[in-house]
Amino acid sequence: MLTKVSCLLFKEISHRNKLIMITSPPPTAADATVEIVETTGFSALPPHVIESHVLTRLDGPALASASSCSATLRHLSAQNHLWTELCHSKWPSTTSPRVTHVISTFPGGGSRAFFSRAFTNATQSLISTSTVPPSELISSVDIHYENKLILSKHQETESLSDWFRCSPFRIDLLEPKEFVPAPIKHPESGDETCADIINGMTLSWILIDPISRRAVNLSSHKPVKIQRHWLTGEVKIKFASILAAENGYVLCSSAVTLGGSDCGKMQVIEVSLEMEDTDGVHLNGKDSLVILHRALECKKGSEAKLRYEDYLEMRREIKERKVKTEEALDMFCLGFGVSILVTFLLFFFCRLTA
């Protein structure tokens, strides 16, 4: 990150020195050393040049690194419009007036604070500083394929109704008959399409609490699982994050379903967010809201994340333990039943011989 900043600064200083050499008269020998010091130092660049020609070319991590280089860069890199432009370029769904307004009110720097929380994936936490779950959730979703934007949309979800709290948690981004064209060739073979999609598709699902002004990225960025229906040809791509719960872990999965079209290209027909426990049972809205509330309040990097592969291994081990427990219980019941039968037969035989 610092190398990128240094290169940009060096280019701007070199460019400025060339302009000075062209527009200024030739220096005397006595003034040569003084001119070099004055024109080649970092202070030779005006703040507006650094801001407009250097800092605007940096991505989020590089801009954050630049702020630790000097007091001048720390002041210039804290400009809110720089981070707003970064948010809009990285997540086009944040350009909507509703999301932009909520981001501007984030404590600790507005767009900069939002970028810090949304840039990394969700972390795990079992501690909540507030006992009131969010009454509204805003989903900011962006899907890219081979660095081309396919879908950019935000969805507002009310979470106070009894229907939301009692029903299985699910956020649908598209209406039943709504679809979005995708620049993906209709598959001739499942393996070929799956490989292309895994390598080319990315998804960002940022969940925002507009009341407490917090955000968390629930997507794994790259797909963790992909399936192709043998009959319809639909392709389902799953992205996932593992969140902590009081009794273990839960899987927060974002699913993108692609269907065929008449033009030979595929189209996005469904985008949804769901949560399930280690038994594969879908959580309802009330339980999901508690877990999402903890994820929203979790500080960046406070706890290590659990990988999707580790979660699957843990779920497999839990399933195996349950199977062994059920088998042991079945054997006990069978043995108990046989003992009862043998006891009854012995009792019956003793009565016949008495």
Side-chain angles (χ1 to χ4, degrees), residues 121-122 139 141-153 155 167-207 217-243 249-284 288 305-320 322-323:
N121 299 111
S139 298
V141 183
D142 297 285
I143 304 175
H144 290 80
Y145 181 72
E146 295 182 346
N147 297 322
K148 295 181 180 179
L149 185 64
I150 297 179
L151 174 65
S152 178
K153 190 174 182 179
Q155 178 78 28
S167 302
F169 176 82
R170 182 183 174 95
I171 297 178
D172 286 303
L173 208 65
L174 300 178
E175 297 295 331
K177 295 184 179 181
E178 185 180 3
F179 64 90
V180 178
I184 303 175
K185 185 179 179 181
H186 197 275
E188 296 180 359
S189 64
D191 295 337
E192 176 185 358
T193 303
C194 292
D196 293 341
I197 293 175
I198 288 178
N199 296 327
M201 181 170 286
T202 60
L203 179 142
S204 172
W205 192 304
I206 303 174
L207 200 67
N217 199 327
L218 298 175
S219 174
S220 56
H221 189 66
K222 288 287 187 178
V224 297
K225 184 178 180 181
I226 186 168
Q227 294 176 318
R228 182 175 183 266
H229 196 279
W230 66 273
L231 181 61
T232 63
E234 293 181 354
V235 178
K236 188 173 184 179
I237 310 105
K238 179 179 286 189
F239 302 79
S241 287
I242 312 303
L243 303 178
Y249 296 92
V250 297
L251 174 64
C252 181
S253 60
S254 310
V256 179
T257 304
L258 302 175
S261 63
D262 297 335
C263 61
K265 300 288 185 178
M266 303 196 77
Q267 56 190 13
V268 181
I269 60 177
E270 186 179 274
V271 183
S272 62
L273 180 71
E274 296 179 319
M275 298 186 70
E276 60 183 50
D277 59 16
T278 52
D279 294 326
V281 179
H282 290 277
L283 302 182
N284 59 27
S288 300
K305 293 179 291 185
L306 185 69
R307 296 190 310 155
Y308 178 73
E309 293 79 7
D310 297 334
Y311 173 81
L312 293 181
E313 179 65 20
M314 179 187 65
R315 190 160 74 172
R316 184 187 64 81
E317 293 176 355
I318 292 175
K319 186 176 180 179
E320 288 181 354
K322 288 184 176 181
V323 170

Straight-line distance of [X] [atom1] to [Y] [atom2], nearest 0.5 Å:
X	Y	atom1	atom2	value
Leu218	Ile171	CG	CD1	8.5 Å
Leu174	Thr257	CG	OG1	9.5 Å
Ser241	Leu207	OG	CG	11.0 Å
Glu234	Gln227	CD	CD	12.0 Å
Ile269	Lys236	CD1	NZ	10.5 Å

Of all heavy-atom pairs between [X] and [Y], which one has the smallest distance, and what is that distance?
X	Y	answer
Leu251	Ala240	CD1-CB, 3.5 Å
Met275	Ser288	SD-CB, 3.5 Å
His221	Phe239	O-CE2, 3.3 Å

With sequence neighbours left out, write down each residue that passes side chain to side chain donor-acceptor pair (under 3.5 Å) with Ser139, or none if nothing qualifies.
->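 Result, side chain to side chain donor-acceptor pair (under 3.5 Å) vs Ser139: Trp205.
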Contacts of type side chain to side chain donor-acceptor pair (under 3.5 Å), residue Gln155, not counting sequence neighbours =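 Gln155 satisfies side chain to side chain donor-acceptor pair (under 3.5 Å) with no residue once adjacent residues are dropped.
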Can you name the side-chain contact (heavy atoms from CB on, under 4.5 Å) partners of Ser204, sequence neighbours left out?
->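 Counting only residues at least two positions away or on another chain, Ser204 forms a side-chain contact (heavy atoms from CB on, under 4.5 Å) with Trp91, Ile206, Asn217.
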What donor-acceptor contacts under 3.5 angstrom involve side-chain atoms of residues 143-152, with partners at least two apart or in another chain?
unit_1 : atom_1 : unit_2 : atom_2 : d
Ser152 : OG     : Ser93  : N      : 2.9
Ser152 : OG     : Asp142 : OD1    : 2.8

Do any N or O atoms from the side chain of Asp277 and from the backbone of Asp279 form a donor-acceptor pair under 3.5 angstrom?
->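 Answer holds: yes.
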Can any side-chain N or O of Ser253 pair as donor or acceptor with the backbone N or O of Lys238 at less than 3.5 Å?
->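 Absent.
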Provide the full list of salt bridge (Lys or Arg N to Asp or Glu O under 4.0 Å) pairs with a residue in residues 168-178, sequence neighbours left out, each pair given once.
->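 Listed by first then second residue: Lys153-Glu178, Arg170-Asp172, Arg170-Glu270, Arg170-Glu274.
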Could I get the full list of salt bridge (charged side-chain N to carboxylate O under 4.0 Å, His left out) partners for Lys225, not counting sequence neighbours?
->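 Per chain and number, Lys225 pairs via salt bridge (charged side-chain N to carboxylate O under 4.0 Å, His left out) with no residue.
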